[in-house]
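Have a look at the structure below before the remarks.
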Amino acid sequence: MRVVIVGAGIGGLTAAIALRRAGIDAVVLERAPELREVGAGISLWPNAINALRRLGVGEAVEAAGTPVGDTMIGDWRGRSLHRSSSELVEIRFGAPLVMIRRAALHSVLRESLDEEFIRLGTPCLSFEQDADGVRLQLAEGVEQCDVAIGADGLHSVMRAGTVGDGAPHHSGLRAWRAVASVDGGLATQVAAGEYWGHGSLFGVQSLGGDEFYWYAASAGSGSEDGAETARTDLLRLFRSWADPVPALIEATDGPILCNDLYDRRM
């Protein structure tokens with residue numbers, strides 16, 4: 001059996017590792033000419049860690065990440081509403097909750113596959129399937145396989161050709177993500193978890209050392225015109241919130257990613 005996976009993100013690479021570990025010939029096609037750092041941080045819950053352990057990459061992923069301690073949910077004034085124990089989660093499910101940079105996770109997955117199994121600069125334009133398998137139309141020709149897996153993101157060519165449910169629906173929310181390096185004084189103020197306000201939320205988790213991954217979402221408008229504009233928008237949206245929220249935004253001197261959030265209609 002030969003499987004072609006369209007998309008070399010976290011899902012596509014993980015699928016390829018799993019298939020090749022099971023003895024199935026699998027190759028990943030990626031439209032981008034090179035794989036760059038995308039995103040900021042990601043939390044891997046115990047079910048994900050257990051799956052990555054079974055694939056033989058769990059140890060490397062855990063080494064590249066940071067176990068999450070106890071977390072809280074607070075309101076925009078900084079008052080605690082709820083606390084959760086990560087220790088109890090680990091005991092129950094047999095694996096930790098891990099925070100990791102997306103780029104670090106992606107790097108571990110990519111290094112677990114030989115370069116010959118990842119073909120960059122190879123967009124899939126369309127496909128056809130019949131009793132003999134799947135024929136993928138690429139810019140450079142046709143690729144034949146027994147099974148094709150779509151892992152090609154929000155505007156998926158594979159989804160359009162199978163489910164055919166149209167364009168994704170804008171949720172009305174905009175999200176920001178970044179990594180901030182902070183000094184010791186601010187680091188001691190940061191309680192990991194989420195802060196909730198009317199129409200907005202702000203979340204933060206430690207990446208280890210003096211680095212914190214934070215994310216924000218709001219029903220309000222914002223701009224995608226770069227980090228400085230994003231910082232201005234965020235300070236306007238969250239200026240009345242208790243620290244560490246505005247302090248973390250102020251402390252961020254690296255890229256701030258800004259993206260609209262989309263759903264699929266049920």
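This structure is a prediction, so every number in the text was calculated from the model and none was measured.
Taken from CD1 in I49 to CG in L44, the straight-line distance is 4.5 Å, to the nearest 0.5 Å. With values rounded to the nearest 0.5 angstrom, L234 atom CG is found 9.0 Å from S218 atom OG. One distance of note links CE of M72 with OH of Y195; it measures 4.5 Å at 0.5 Å rounding. Atoms CZ and OG, on R110 and S112 in that order, are 12.0 Å from each other to the nearest 0.5 Å. Atom CZ of residue R31 and atom CG of residue L138 lie 11.0 Å apart, to the nearest 0.5 angstrom. In this structure, CD1 in I100 is found 9.5 Å from CD in E62, a value given to the nearest 0.5 Å.
V147 is not listed as a side-chain neighbour of I24, based on a closest heavy-atom distance of 4.5 Å or more. Side-chain contact between L29 and D152 is absent, with no heavy atoms from C-beta onward closer than 4.5 Å. Counting heavy atoms from C-beta on, the side chains of E111 and V57 never come closer than 4.5 Å. Using a 4.5 Å cut-off on side-chain heavy atoms (C-beta onward), V68 and V89 make no contact. The shortest distance between side-chain heavy atoms of R2 and E143 falls below 4.5 Å. Within the 4.5 Å cutoff, no side-chain heavy atoms of M1 are placed close to those of L19. Within the 4.5 Å cutoff, the side chain of D75 has no heavy atoms near those of the W196 side chain. Under the 4.5 Å side-chain criterion, counting only non-hydrogen atoms from C-beta, Q137 is not in contact with C124.
Defined by atom type and a distance below 3.5 Å, a donor-acceptor pair is missing between the side-chain atoms of S86 and E90.
Residue D253 places its CG atom among 12 or fewer non-hydrogen atoms of other residues, nucleotides or ligands, all under 6.0 Å distant. Other residues, nucleotides and ligands contribute at most 12 non-hydrogen atoms within 6.0 Å of the CD atom of E128. Remark: R119 CZ is packed, more than 12 non-hydrogen atoms of other residues, nucleotides or ligands lying under 6.0 Å away. Heavy atoms from other residues, nucleotides or ligands lying under 6.0 Å from CD of E59 number 12 at most.
Here the side chain of T122 pairs a donor or acceptor atom with the backbone of L120 at under 3.5 angstrom. Side-chain atoms of N50 come within 3.5 Å of backbone N or O of F93 as a donor-acceptor pair. Checking side-chain atoms of D210 against main-chain N and O of A187 turns up no donor-acceptor pair under 3.5 Å. The closest donor-acceptor contact from the side chain of R54 to the backbone of A51 lies at 3.5 Å or more, if one exists at all. With hydrogens and angles disregarded, no donor-acceptor distance shorter than 3.5 Å links the side chain of R177 to the backbone of G41. No donor-acceptor pair under 3.5 Å is formed between the side chain of H155 and the backbone N or O of A160. Although no hydrogens or angles enter the test, the distance criterion places a donor-acceptor pair under 3.5 Å between the side chain of S171 and the main chain of L261. Distance alone, capped at 3.5 Å, places no donor-acceptor pair between the R231 side chain and the I256 backbone. Remark: side-chain polar atoms of S156 are not paired, donor with acceptor, to backbone N or O of G153 under 3.5 angstrom. At least one donor-acceptor pair closer than 3.5 Å links the side chain of D183 to the backbone N or O of G185.
Residues I149 and L136 do not share a hydrophobic cluster, defined by chaining ILVMFWY side chains whose heavy atoms lie under 4.5 Å apart. When hydrophobic clusters are built by joining Ile, Leu, Val, Met, Phe, Trp and Tyr residues whose side-chain heavy atoms come closer than 4.5 Å, directly or via intermediates, L35 is grouped together with L113. A continuous path of Ile, Leu, Val, Met, Phe, Trp and Tyr side chains, each step under 4.5 Å between heavy atoms, connects L55 with L13, placing both in one hydrophobic cluster. Hydrophobic clustering (ILVMFWY, side-chain heavy atoms < 4.5 Å, transitive): V108 and W45 are in distinct clusters. When hydrophobic clusters are built by joining Ile, Leu, Val, Met, Phe, Trp and Tyr residues whose side-chain heavy atoms come closer than 4.5 Å, directly or via intermediates, V204 is grouped together with W176.
Ring orientation note: the planes of H170 and Y262 are nearly perpendicular, at an angle over 60° on the 30°/60° scale.
A148 and M158 get closest at one heavy-atom pair: CB-CE, 3.6 Å. Listed here is the closest heavy atom pair of L105 and I42: CD2-CG2, 4.1 Å. Of all heavy-atom pairs spanning G12 and V28, the tightest one is O-CG2, 4.1 Å. When all heavy atoms of C145 and V4 are compared, the pair lying nearest together is CB-CG2, 3.6 Å. Minimum heavy-atom separation, P96 to R53: CD-NH2, 3.4 Å. The heavy-atom pair separating V157 from F127 by the smallest distance is O-CE2, 3.9 Å.
Remark: of the listed residues W214, W76, Y215, W214 is the sole one forming a ring pair (Phe, Tyr, Trp, His ring centres under 6.0 Å) with F202. Under the side chain to side chain contact (heavy atoms under 4.5 Å, CB included) rule, P244 has a single partner from L186, V182, T188, which is L186.
Residues R159 and D165 are paired through a salt bridge, judged by an N-O separation under 4.0 Å between the basic side chain and the carboxylate.
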